[in-house]
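Some notes on the structure that comes next.
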Amino acid sequence: MMKENRLLEMRIFKAVVDAGGFTAAAHLLGVSQPFVSQTMTSLERRLGVQLIHRSTRGHRLTGEGEQFLSACGRILNEIELAEAQVSSARSKVSGELRISAPLAFGLDQIVPLLPEAMADQPNVVFHLALSDSIANLIEDNVDVAIRMGRLTDSSLKSRKLCDLQRLVVAAPSYLEAHGLPQTPADLRRHNCLMWEGPRDHLNRWSFRIDGTVETLLASGNFRSSNGLTLFELCTAGVGIMRLAEHLALPAIREGKLVPLLSDHQVHDDTAISAVFLPERELLPRIRNFVDYLVEAFRQPPWSE
């Protein structure tokens with residue numbers, strides 16, 4: 001008969017890592033700090049290795065600790081998934097939901113949706129990471145990621161939220177100072193705001209010219225890996241930008257931006273999607289949130 005509760009040890013070890021310390025883990029789990037400390041000591045003694053380096057400056061995982069944490073995460077997820085498959089009642093939905101989204105889209109569109117989503121799943125702890133870097137769902141421990149554009153990772157499951165269209169725009173102040181481009185070729189004489197890093201492919205702007213689609217490489221004196229920065233500089237009159245509709249259309253209606261080269265506009269065959277790991281699709285908190293997003297973007301708010 002096993003004397004130790006290995007599942008409990010795993011949960012406590014993972015809580016120590018996630019919470020950043022023994023006291024915080026105890027508070028998170030609703031147990032005493034000595035109980036957490038004793039359980040960790042017992043676990044390390046049984047395994048014969050040190051999992052966490054302890055010092056006055058904090059705690060740091062050892063190599064063995066990182067390996068064991070990864071295994072614990074998989075095992076606890078499998079247990080949670082098994083329970084979810086036999087009990088999907090909404091009132092019992094709980095756990096942590098980790099969401100990743102691009103910075104501008106996240107602030108503009110995802111954050112306003114969270115109050116209702118959180119009220120719908122009151123026992124779920126929501127985490128939202130906003131970054132224009134592309135999250136790795138496994139390495140970054142993400143449950144649902146919002147992706148804009150073509151999906152390249154075939155190992156992930158996805159659900160389309162809505163179409164993605166980008167418009168070429170500029171602020172009235174920029175056009176007053178530099179004139180209105182009449183053709184795509186005129187953009188070579190203008191300052192275009194550009195992406196850098198993993199999204200630099202967005203610097204290739206497609207236009208319909210004489211019945212064919214041609215691509216122009218944007219050029220200018222400013223680059224950023226942050227879409228919100230590019231948007232702010234565009235509205236400030238620094239340059240021309242190819243901007244997603246969720247930001248472009250409201251700004252156009254408010255007179256902050258002007259659409260350019262509309263006669264040469266190409267319809268983008270891309271989308272905004274929610275992606276997740278296939279094995280986690282049955283978890284109620286993930287399924288419910290993705291269903292909520294699909295319904296929320298069935299009629300995109302910016303298209304009104």
Side-chain angles (χ1 to χ4, degrees), residues 101-113 130-132 146-150 160-184 186-187 190-209 213-274 293 296-304:
L103 179 59
F105 188 81
L107 287 173
D108 185 52
Q109 296 295 323
I110 300 300
V111 170
L113 295 176
L130 299 178
S131 173
D132 286 321
I146 309 302
R147 297 276 170 85
M148 302 178 70
R150 291 183 178 84
K160 177 181 174 179
L161 303 183
C162 60
D163 291 330
L164 171 60
Q165 182 67 47
R166 292 185 171 92
L167 306 177
V168 178
V169 294
S173 60
Y174 176 88
L175 298 176
E176 290 173 7
H178 302 281
L180 186 73
Q182 300 295 327
T183 68
D186 291 343
L187 291 175
H190 285 268
N191 190 42
C192 297
L193 302 173
M194 298 179 295
W195 288 86
E196 68 177 358
R199 296 184 184 272
D200 64 357
H201 63 279
L202 296 178
N203 297 328
R204 297 184 178 275
W205 300 0
S206 295
F207 298 97
R208 188 168 298 280
I209 303 173
V213 176
E214 297 184 18
T215 299
L216 181 147
L217 181 61
S219 62
N221 66 1
F222 185 81
R223 291 176 177 265
S224 177
S225 59
N226 184 307
L228 198 56
T229 298
L230 295 173
F231 172 65
E232 293 294 338
L233 289 184
C234 186
T235 57
V238 174
I240 296 174
M241 183 180 181
R242 188 166 177 263
L243 181 64
E245 275 188 337
H246 74 92
L247 291 176
L249 290 180
I252 290 170
R253 287 193 285 264
E254 294 169 11
K256 295 180 180 179
L257 294 175
V258 176
L260 306 176
L261 304 170
S262 299
D263 291 343
H264 299 278
Q265 176 74 42
V266 174
H267 178 74
D268 289 349
D269 58 347
T270 57
I272 301 173
S273 307
L293 291 179
F297 290 106
R298 192 177 303 279
Q299 178 67 33
W302 55 87
S303 65
E304 296 175 358

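Sequence positions, counted from 1, serve as the residue numbers for this chain. All values below come from the heavy atoms of this structure, side chains included, with hydrogens, waters and symmetry mates left out.
Atom-to-atom distance recorded for Asp263:CG and Arg208:CZ is 12.5 Å, nearest 0.5 angstrom. Rounded to the nearest 0.5 angstrom, Ile240 CD1 and Asp186 CG are separated by 9.5 Å. Remark: Thr270 OG1 to Lys160 NZ distance equals 9.0 Å, nearest 0.5 Å. Distance check, rounded to the nearest 0.5 Å: CZ of Phe297 to OG of Ser303 gives 11.0 Å. Annotation: the span from Ile252 atom CD1 to Glu245 atom CD amounts to 8.5 Å, rounded to 0.5 Å. For the atom pair CG of Leu193 and CZ of Arg242, the computed distance is 14.0 Å after rounding to the nearest 0.5 Å.
Not a single salt bridge (Lys or Arg N to Asp or Glu O under 4.0 Å) links Glu176 to another residue, sequence neighbours left out. When the salt bridge (Lys or Arg N to Asp or Glu O under 4.0 Å) test is applied to Arg150, the partners found at least two apart in sequence or on another chain are Asp269. With sequence neighbours left out, Glu254 forms a side chain to side chain donor-acceptor pair (under 3.5 Å) with Lys256.
Listed by first then second residue, pairs satisfying ring-ring contact (aromatic ring centres under 6.0 Å, His included) with a partner in residues 160-179 read Tyr174-His178, Tyr174-His190, not counting sequence neighbours. The side-chain hydrogen bond (donor to acceptor under 3.5 Å, both in side chains) analysis of residues 193-207, with sequence neighbours excluded, yields the pairs Ser206-Thr215.
Here the closest non-hydrogen pair linking Ala244 and Leu164 is CB-CD1, 4.1 Å. Of all heavy-atom pairs spanning Ile146 and Ile272, the tightest one is CG2-CG2, 3.9 Å. The shortest heavy-atom contact between Pro301 and Gln109 is CG-OE1, 3.5 Å. When all heavy atoms of Ser173 and Gly237 are compared, the closest pair comes out as OG-CA, 3.5 Å. Of all non-hydrogen atoms in Pro259 and Ser262, the two that sit nearest each other are CB-OG, 4.1 Å. Contact between Leu261 and Pro181 at its shortest, heavy atoms only, is CD2-O, 3.6 Å.
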(request) I would like to know whether Leu293 and Ile110 meet side chain to side chain contact (heavy atoms under 4.5 Å, CB included); could you show each step before the answer? (result) CA-CA 9 Å; Leu293 291 179; Ile110 300 300; 4.2 Å; yes

(request) Could you please spell out the steps behind the side chain to side chain contact (heavy atoms under 4.5 Å, CB included) verdict for Trp302 and Leu247? (result) CA-CA 8 Å; Trp302 55 87; Leu247 291 176; over 6 Å; no

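A donor-acceptor contact shorter than 3.5 Å links the side chain of Asn191 to the backbone of Asn221. Asp132 places a side-chain N or O within 3.5 Å of a backbone atom of Leu103 that can act as its donor or acceptor partner.
Classification of the Phe207-His264 ring pair by plane angle, with boundaries at 30° and 60°, yields perpendicular.
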Distance-only donor-acceptor hits, side chain of residues 165-172, under 3.5 Å, sequence neighbours excluded:
residue: Gln165; atom: OE1; partner: His267; partner atom: ND1; Å: 3.3
residue: Gln165; atom: OE1; partner: Asp268; partner atom: N; Å: 3.0
residue: Gln165; atom: NE2; partner: Val266; partner atom: O; Å: 3.0

